[in-house]
Amino acid sequence: MADANAPTKPRQVLTSGVKPIWCPGCGDYGVQAGINKALADLGIARENAVIVSGIGCSSSMPHPFSTYGVHSLHGRLLPVAAGIKLANDDLTVIGAGGDGDGYGIGVGHLVHNARRNVDITYIVMNNEIYGLTTGQTSPTSLFGMKTKSTPFGSIENPENPIGVALASGATYVARAFSGDPMHMAEMIKGGIQHKGFSIIDVFSPCVTFNNINTYDWFRQRVYKLESVGHDATSISSAMERSLETERTNWEKVPIGLFYKVERPTYAALDMTLQKGSLLKQPMPTKEKVTEILKEYL
Ligand SMILES: Cc1ncc(C[n+]2csc(CCOP(=O)(O)OP(=O)(O)O)c2C)c(N)n1
Ligand code: SF4
Ligand SMILES: [Mg+2]
């Protein structure tokens, strides 16, 4: 097992020695490689990074890394990640979870962290299914998809997470595919470097419970926005592209950078945080805390 306490060298593989729990061939291995490459290329040492997850197969992402990590609650990774960033802005904070976690139970947190422009990078491993609970429909499952919870086919339209992120005010919106980890690493790097709320929706096939959205299925459909001259500074072009999947009945699936804009972060606008993140400010004295408490008791 790797020595997690050995000093970090830039570009090293950030491994804790813990083996991932994923099935052989799961798309989440590609995402692990993409996160590792992004952190290594940017020279971010493990002691300066934290990976926060929710619950699901994909949410076991912090375990194989020797960075800091929090395996939190289902759908609640974003509040934990935001809290960490506001407490210590020296840390690179990465959220990593699944489509059920982030687009279902946790979608409210996506909307509000995006509009607040909290400076974190959120990676959603979108396999269009609940993997951990053995194959029920997720918010991104395709219409008509037969799963354990929809034996006659899903009667719900899939969510458009790119459109939701754009409409909510996310300032960096990208999509990647686990079958192209180099391109994915570039999208993640861009998200980490961006000052503000970044989301990267990653198609990360579940090889055990989703036999529709396979690696081959995506390979036949994905194309890169970078190759068609998409204007990533235009929110209306980005929104239009996000609707292409539905319009073409998933015949054409854009990946790449949809949108990027500079806007002040939450911390830059908050009066208290303008004095520095919480860790850099003096702790209130016992007398001050007693005084504040008296006001409310
Ligand atoms: C509050 C709560 N509700 C439901 C569950 C059960 N549960 C665990 S993981 C999960 C869905 C996981 O799907 P997803 O987020 O897409 O991750 P994947 O396993 O596909 O990577 C559910 C419903 C839970 N753990 N907690
Ligand atoms: S069940 Fe699916 S999502 Fe979970 S580890 Fe296996 S392949 Fe990956
Ligand atoms: Mg899933």
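Heads up: numbering here begins at 1 and tracks the sequence. Start at 1 and go down the list; that is how both ligands and their atoms are numbered.
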*Asks:* Which of the numbered atoms in ligand 1 are below 4.0 angstrom from a heavy atom of Cys57?
*Replies:* 18 (P), 19 (O), 21 (O)

*Asks:* Which one holds for Asn127 and ligand 2: side chain close, backbone close, both close, or neither close, with close meaning a heavy atom under 4.0 Å?
*Replies:* side chain

*Asks:* Provide the number and element of each atom of ligand 1 under 4.0 Å from a heavy atom of Ser58.
*Replies:* 17 (O), 18 (P), 21 (O)

*Asks:* Which of the numbered atoms in ligand 2 are under 4.0 angstrom from any heavy atom belonging to Phe209?
*Replies:* 1 (S)

*Asks:* Using atom types as modelled and distance alone, determine if a side-chain donor or acceptor of His230 lies under 3.5 Å from a backbone N or O of Phe258.
*Replies:* yes

*Asks:* Quick test: of every protein heavy atom, which one is nearest to atom 15 (O) of ligand 1, and how far off is it to 0.1 Å?
*Replies:* Asp101 N, 2.7 Å

*Asks:* Find all atoms of ligand 1 within a distance of less than 4.0 Å from any non-hydrogen atom belonging to Gly100, and give their numbers and elements.
*Replies:* 14 (P), 15 (O), 16 (O)

*Asks:* For atom 2 (Fe) of ligand 2, what's the nearest protein heavy atom and its distance?
*Replies:* Cys206 SG, 2.3 Å

*Asks:* I'd like to know: is atom 8 (Fe) of ligand 2 within the 2.8 Å range of an N/O/S atom from Cys23, strictly under that distance?
*Replies:* no

*Asks:* Examine the side chains of Asn88 and Ser277 and answer whether a donor and an acceptor come within less than 3.5 Å of each other.
*Replies:* no

*Asks:* Report the nearest protein non-hydrogen atom to atom 7 (S) of ligand 2: residue, atom name, distance rounded to 0.1 Å.
*Replies:* Val207 N, 3.4 Å

*Asks:* Hey, looking at atom 22 (C) of ligand 1, which of Met125, His74, Gln136 has the closest heavy atom?
*Replies:* His74

*Asks:* Are the side chain of Thr150 and the backbone of Phe152 linked by a donor-acceptor contact shorter than 3.5 Å?
*Replies:* no

*Asks:* Are a donor atom and an acceptor atom from the side chains of Thr214 and Asp216 found within less than 3.5 Å of each other?
*Replies:* no

*Asks:* Can a salt bridge be assigned to the pair Glu186 and Lys189 using a cut-off of 4.0 Å between side-chain N and carboxylate O?
*Replies:* yes

*Asks:* Identify the protein heavy atom lying closest to atom 8 (Fe) of ligand 2, giving its residue, its atom name and the separation to 0.1 Å.
*Replies:* Cys26 SG, 2.4 Å

*Asks:* Flag this pair as yes if the NZ/CZ of Arg219 is under 6.0 angstrom from the six-membered ring centre of Trp217 and inside a 45 degree cone about the axis; otherwise no.
*Replies:* no

*Asks:* In this structure, are over 12 heavy atoms from other groups packed under 6.0 Å from Glu226 atom CD?
*Replies:* yes

*Asks:* Return a yes/no value for Ser59: is any of its N or O atoms, backbone included, closer than 3.5 angstrom to an N or O of ligand 1?
*Replies:* no

*Asks:* Regarding ligand 1, does Ile105 bring an N or O atom to under 3.5 Å of one of the ligand's N or O atoms?
*Replies:* no

*Asks:* For the hydrophobic clusters of this structure (ILVMFWY residues joined by side-chain heavy atoms under 4.5 Å, transitively), does one cluster hold both Val50 and Leu278?
*Replies:* yes

*Asks:* Of all the atoms in ligand 2, which lie at a distance below 4.0 Å from a heavy atom belonging to Thr208?
*Replies:* 6 (Fe), 7 (S)

*Asks:* Going by distance only, is there an N or O of Tyr130 that falls short of 3.5 Å from an N or O of ligand 1?
*Replies:* no

*Asks:* Look at atom 25 (N) of ligand 1 and say which protein heavy atom is nearest, naming residue and atom and giving the distance to 0.1 Å.
*Replies:* Ile55 CG2, 3.8 Å

*Asks:* Which bit of Cys57 is near ligand 2, meaning a heavy atom under 4.0 Å away: side chain, backbone, both or neither?
*Replies:* side chain

*Asks:* Which ligand 1 atoms, with their elements, are less than 4.0 angstrom from a heavy-atom of Ile129?
*Replies:* 16 (O), 20 (O)

*Asks:* Just wondering, do Tyr103 and Val124 contact through their side chains at under 4.5 Å, heavy atoms?
*Replies:* yes

*Asks:* Between Gly135, Gly131, Gly106, flag the one that comes closest to atom 20 (O) of ligand 1 by a heavy atom.
*Replies:* Gly131

*Asks:* If hydrogens are left out, which of Asp28, Leu132, Thr133 has an atom nearest to atom 6 (C) of ligand 1, that is, the closest non-hydrogen atom?
*Replies:* Thr133

*Asks:* Within the 3.5 Å criterion, strictly below it, is a donor on Asn127 or Ser204 matched to an acceptor on the partner's side chain?
*Replies:* no

*Asks:* Could you check Asp101 against Arg76 for salt bridge (charged side-chain N to carboxylate O under 4.0 Å, His left out), going step by step and ending with a plain yes or no?
*Replies:* CA-CA 8 Å; Asp101 195 81; Arg76 307 291 171 237; over 6 Å; no

*Asks:* Count the heavy atoms belonging to other residues, nucleotides or ligands that lie under 6.0 Å from CZ of Phe209, then report whether that count exceeds 12.
*Replies:* yes

